[in-house]
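Worth saying up front: this structure is predicted, and the values here are computed from it rather than measured.
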Amino acid sequence: MLSWLARFVPRAPETARAAIRDGHVPSSLRVGGNLSLANLPTVRRLPQWLVCEGLDVSDCVNLHWLPRRLRCQTLLARRTQLTVLPENMRVSHTIDLSGCRLLRAVPPLRLHTLVLRGCSLLRELPDGTAAAVLDLSGCHRMRAMPLSAARTARRLTLRDCAGLEGLPDRV
C-alpha cells in the first residue's frame with residue numbers, strides 16, 4: 001500500500017496499542033474504535049495526528065503532552081503529568097482529567113462532560129468554556145468561573161473549591 005494512503009486506513013485498536021506501547025509512534029494514526037493505553041508507563045508520546053473514537057491514557061505517568069491534532073469523542077487522561085491541553089485538539093463529548101495535579105491551563109472547550117476533579121493548580125477556565133456536566137471538585141486555586149460555563153452547566157460540582165470567589169451574577 002502507498003505510504004501516504006496508509007494514514008487514511010483505520011488500524012485495529014490492538015494493533016495501534018502494540019505499536020505505541022513498543023515505541024513505534026507514527027506521525028499520524030487513525031484507529032477504528034477506542035484506543036486504550038491506560039497504565040502503560042512506556043507511553044511517552046502519541047502521534048501528532050491521532051483520530052479515534054475514544055482515547056484512554058489514564059495513569060500513563062510518562063505522558064506530558066497530548067497531540068495538537070487529536071480528534072476523538074472521549075478523552076480519559078486521569079492521573080497523568082499533563083500541564084496544558086492543546087488549543088487545536090478536538091474532543092466532541094467527554095474529557096476526564098481527574099487527578100491531573102500539574103494541569104495549569106485548558107483551552108475553551110465545548111462538550112457534554114468536563115471533569116477536572118483534583119486539578120489543584122488550575123486557576124481558571126477560559127471564557128467560552130461550555131459543558132452540560134462540569135466537575136471542578138478539588139480545584140483549590142480556581143478563582144472564578146466564566147459566565148459561559150456557569151450558564152451551560154446543568155450539573156455543576158464545586159466541592160472543595162476554597163479559592164472560588166463566587167459565581168457570575170447572571171446564572
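Placement of Val31 and Leu40 within a single hydrophobic cluster is found when ILVMFWY residues are connected by side-chain heavy-atom separations under 4.5 Å, directly or transitively. Cluster membership for Leu63 and Trp65, using ILVMFWY side-chain heavy atoms within less than 4.5 angstrom, is not shared. Residues Met142 and Val133 do not share a hydrophobic cluster, clusters being chains of Ile/Leu/Val/Met/Phe/Trp/Tyr side chains in contact below 4.5 Å.
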Discussion item. Could you walk me through whether Leu70 and Leu55 satisfy the side-chain contact (heavy atoms from CB on, under 4.5 Å) test, starting with their C-alpha distance in whole Å, then the side-chain angles of each, then the deciding distance to 0.1 Å, before giving a yes or no?
Written reply: CA-CA 9 Å; Leu70 173 63; Leu55 175 63; 3.9 Å; yes
Discussion item. Ile20 vs Val43, test: side-chain contact (heavy atoms from CB on, under 4.5 Å). Steps then yes/no.
Written reply: CA-CA 7 Å; Ile20 293 171; Val43 175; 4.2 Å; yes
Item to complete: Step by step, work out the side-chain contact (heavy atoms from CB on, under 4.5 Å) result for His64 and Thr83.
Response: CA-CA 7 Å; His64 298 277; Thr83 56; over 6 Å; no
Practice prompt. Dump the intermediate steps for side-chain contact (heavy atoms from CB on, under 4.5 Å) on Leu121 and His140, then the final yes or no.
Written response: CA-CA 7 Å; Leu121 293 183; His140 309 295; over 6 Å; no
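With a 6.0 Å cutoff to the six-membered ring centre and a 45° limit on the axis angle, Arg71 counts as a cation-pi contact of Trp49.
The line from CD1 of Ile95 to CD of Gln73 is 12.5 Å long, rounded to the nearest 0.5 Å. If you take OG on Ser120 and CZ on Arg101, they are separated by 6.0 Å, rounding to the nearest 0.5 Å. Rounding to the nearest 0.5 angstrom, the gap separating the CG atom in Leu29 from the CG atom in Leu46 is 9.5 Å. A distance of 7.0 Å separates OG1 of Thr94 from CG of Leu111, quoted to the nearest 0.5 Å. Within the model, atoms CZ of Arg45 and CG of Asn62 stand 13.5 Å from one another, a figure rounded to the nearest 0.5 Å. Rounded to the nearest 0.5 angstrom, Leu109 CG and Ser92 OG are separated by 12.0 Å.
One N or O on the side chain of Asp96 and one on the backbone of Ser98 form a donor-acceptor pair closer than 3.5 Å. Judged by distance alone, the side chain of Arg17 and the main-chain N or O of Ser36 form a donor-acceptor pair under 3.5 Å.
Nearest heavy-atom pair, Pro67 versus Gln48, reported as atom, atom and distance to 0.1 Å: CB-O, 3.5 Å. Of all non-hydrogen atoms in Pro13 and Leu35, the two that sit nearest each other are O-CD1, 3.8 Å. Closest of all the heavy-atom pairs between Ala77 and Cys100 is O-SG, 3.0 Å. For the pair Ser58 and Thr80, the tightest heavy-atom approach, listed with the atom from each and the gap, is CA-CG2, 4.4 Å. Minimum interatomic distance between Pro10 and Gly32 (heavy atoms only, all atoms of both residues): CB-N, 3.8 Å. Across all their heavy atoms, Gly128 and Pro108 have their closest contact at C-CB, 4.2 Å.
The ring pair (Phe, Tyr, Trp, His ring centres under 6.0 Å) contacts involving residues 80-116 comprise His93-His112, where partners must be two or more places apart or lie in separate chains.
Counting heavy atoms of neighbouring residues, nucleotides and ligands inside a 6.0 Å radius, atom CZ of Arg21 exceeds 12 of them. Around the CZ atom of Arg90, the shell of radius 6.0 Å holds more than 12 heavy atoms that belong to other residues, nucleotides or ligands. Annotation for Arg110: atom CZ does not count as buried by contact number, only 12 or fewer foreign heavy atoms lying within 6.0 Å.
Residues Cys119 and Cys139 are in side-chain contact: their nearest non-hydrogen atoms beyond the backbone lie under 4.5 Å apart. Annotation: side chain of Leu66 is in contact with side chain of Met89 (closest heavy-atom distance under 4.5 Å). Pro126 is listed as a side-chain neighbour of Val106, based on a closest heavy-atom distance under 4.5 Å.
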Indicate every side-chain donor-acceptor pair of residues 152-168 with a distance under 3.5 Å to a residue at least two apart or in another chain.
from	atom 1	to	atom 2	distance (Å)
Thr152	OG1	Ala131	N	3.2
Thr152	OG1	Ser148	O	2.9

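When each of Asp135, Leu116, Val115, Leu76 is tested with Leu97 by the rule side chain to side chain contact (heavy atoms under 4.5 Å, CB included), just one qualifies, namely Leu116.
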